[in-house]
Q: 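Following this message is one structure expressed as C-alpha cells.
Bear in mind the structure is a predicted one, so any value in this text is a computation, not a measurement.
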Amino acid sequence: MNIKSQKLITAAVIGALYAVLTMLLSPISYGPLQFRVSEVLCILPFFLPYTAWGLFFGCVIANLVSAAGILDIVFGSLATLLACLSMAKLGKKGASLKTELLACFMPVVWNGIIVGAVLCYALTDLMPWNNLVPFLVYAGDVALGELVVMYAIALPLMRYLPKQKFFTEQLTKFR
C-alpha cells in the first residue's frame, strides 16, 4: 500500500474515532458547556498535518446529532478544521513548550468564537453580533470546556506521545 493510501486511511480512522468518542460521551459533548473529550485528537495535526481533514469529517458526523442542527454541522465543523489547520501550521515550527501551549489554544479560540455564535443563534434566535452579552456567555462556556480538555488532557498527551517509541516510529513513517 502506498503512503498516500496509508495517510488517507489513518485520517479516516482518526475521524471515525472522533465521531464515536463524541457520540459515546454525548451528555458532555454537546450543549453550551461541553467537554468534548474527542477534542484531544486535535493535537494530532500538530504532528501529522494530514489528520486535520479526518478530524473535520469526524466532527461533521458527530455534529449530525447536535441540537444546534445544520449550523453546528457546517460552522462547528469548520471551527474544528480551522483549529486543526492552525495546529498543523504551528507544528511545522517544531515542538517546544511555547508552540504546544499555543497549539492547544487554537481549539479554545476557534470553537469559542464560532460555536459560541452558533449556539447563541440556534438556542436563543439572537444574532450574536447584535446581542453581545448572550454571545459572550455562550462563547465563554464553549471556550471554558475546550480550555479544560486541551490543557488538562491534550497538552500532557502532546508532551508524552513524542517520547514513545511507537509514536516516533509512526511519525517517521508518515512524514
Q: Looking at residues at least two apart in the chain, or sitting in another chain, which of them share a side chain to side chain contact (heavy atoms under 4.5 Å, CB included) with Val20?
A: Leu24
Q: Does the side-chain contact (heavy atoms from CB on, under 4.5 Å) test come out yes or no for Val40 and Met150, once each step is laid out?
A: CA-CA 6 Å; Val40 301; Met150 294 310 295; 5.7 Å; no
Q: For Ser96 and Thr99, does a side-chain donor sit closer than 3.5 Å to a side-chain acceptor?
A: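 Distance-only check passes for Ser96 and Thr99.
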Q: Do Phe35 and Ser29 touch side chain to side chain, with heavy atoms closer than 4.5 Å?
A: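 Of all side-chain heavy-atom pairs linking Ser29 with Phe35, none is under 4.5 Å.
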Q: Please name the pair of heavy atoms, one in Lys163 and one in Arg159, separated by the smallest distance, quoted to 0.1 Å.
A: CE-O, 3.6 Å
Q: I'd like to know whether Val37 forms a side-chain contact (heavy atoms from CB on, under 4.5 Å) with Thr22, so could you lay out the CA-CA distance, the side-chain angles of the two residues, the decisive distance to 0.1 Å, and finally the verdict.
A: CA-CA 7 Å; Val37 176; Thr22 303; over 6 Å; no
Q: Write down the atom of Ala19, the atom of Gly58, and the distance for their closest heavy-atom approach.
A: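 Looking at all heavy atoms of both residues, the shortest contact is CB-O, 3.5 Å.
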Q: Might you confirm whether atom CZ of Phe75 has over 12 heavy atoms from other residues, nucleotides or ligands at distances under 6.0 Å?
A: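 At most 12 heavy atoms, drawn from other residues, nucleotides or ligands, come within 6.0 Å of this atom.
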Q: Can you tell me if Tyr18 and Arg36 form a side-chain donor-acceptor pair at under 3.5 Å?
A: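 The answer is yes; a qualifying pair exists.
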Q: Taking side-chain hydrogen bond (donor to acceptor under 3.5 Å, both in side chains) as the test, write out the residues that go with Asn2, two or more places apart.
A: Ser5
Q: Between Asn63 (side chain) and Asp72 (backbone), is there a donor-acceptor pair under 3.5 Å?
A: yes
Q: Report yes or no: do Leu144 and Val149 belong to one cluster of Ile/Leu/Val/Met/Phe/Trp/Tyr joined by side chain heavy-atom distances under 4.5 Å?
A: yes
Q: To check you understand the geometry: which heavy-atom pair defines the closest contact between Pro134 and Leu126, and what is its length?
A: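 That would be CG-CD1, 3.8 Å.
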Q: Does any N or O in the side chain of Ser77 come within less than 3.5 Å of the main-chain N or O of Val74, such that one atom is a donor and the other an acceptor?
A: no
Q: Which atom names give the shortest non-hydrogen contact between Ala143 and Val108, and what distance separates them?
A: O-CG1, 3.7 Å
Q: Should Thr80 and Cys42 be marked as a side-chain contact (heavy atoms from CB on, under 4.5 Å) after you check the CA-CA gap, both sets of side-chain angles, and the distance that decides it?
A: CA-CA 8 Å; Thr80 295; Cys42 291; 4.1 Å; yes
Q: Fit a plane to each ring of Trp53 and Phe57, take the angle between them on a 0 to 90° scale, and name the class: parallel (under 30°), tilted (30 to 60°) or perpendicular (over 60°).
A: tilted
Q: Between Tyr30 and Met23, is any pair of side-chain heavy atoms under 4.5 Å apart?
A: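 The answer is yes, as the side chains (C-beta and beyond) meet within the 4.5 Å cut-off.
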Q: Yes or no on side-chain contact (heavy atoms from CB on, under 4.5 Å) for Ser86 and Trp110, after CA distance, side-chain angles and deciding distance?
A: CA-CA 10 Å; Ser86 299; Trp110 288 109; 3.2 Å; yes
Q: Using the rule side-chain contact (heavy atoms from CB on, under 4.5 Å), only one of Leu90, Thr51, Leu161 pairs with Phe46; which is it?
A: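 Of the listed residues Leu90, Thr51, Leu161, the side-chain contact (heavy atoms from CB on, under 4.5 Å) partner of Phe46 is Leu90.
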Q: Quick one: do Leu55 and Val13 end up in the same hydrophobic cluster if we chain Ile, Leu, Val, Met, Phe, Trp and Tyr together by side-chain heavy atoms under 4.5 Å apart?
A: no
Q: Can you list every pair that meets ring pair (Phe, Tyr, Trp, His ring centres under 6.0 Å) and has a residue in residues 113-170, with sequence neighbours left out?
A: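 Ring pair (Phe, Tyr, Trp, His ring centres under 6.0 Å) check on residues 113-170 returns Phe47-Phe167.
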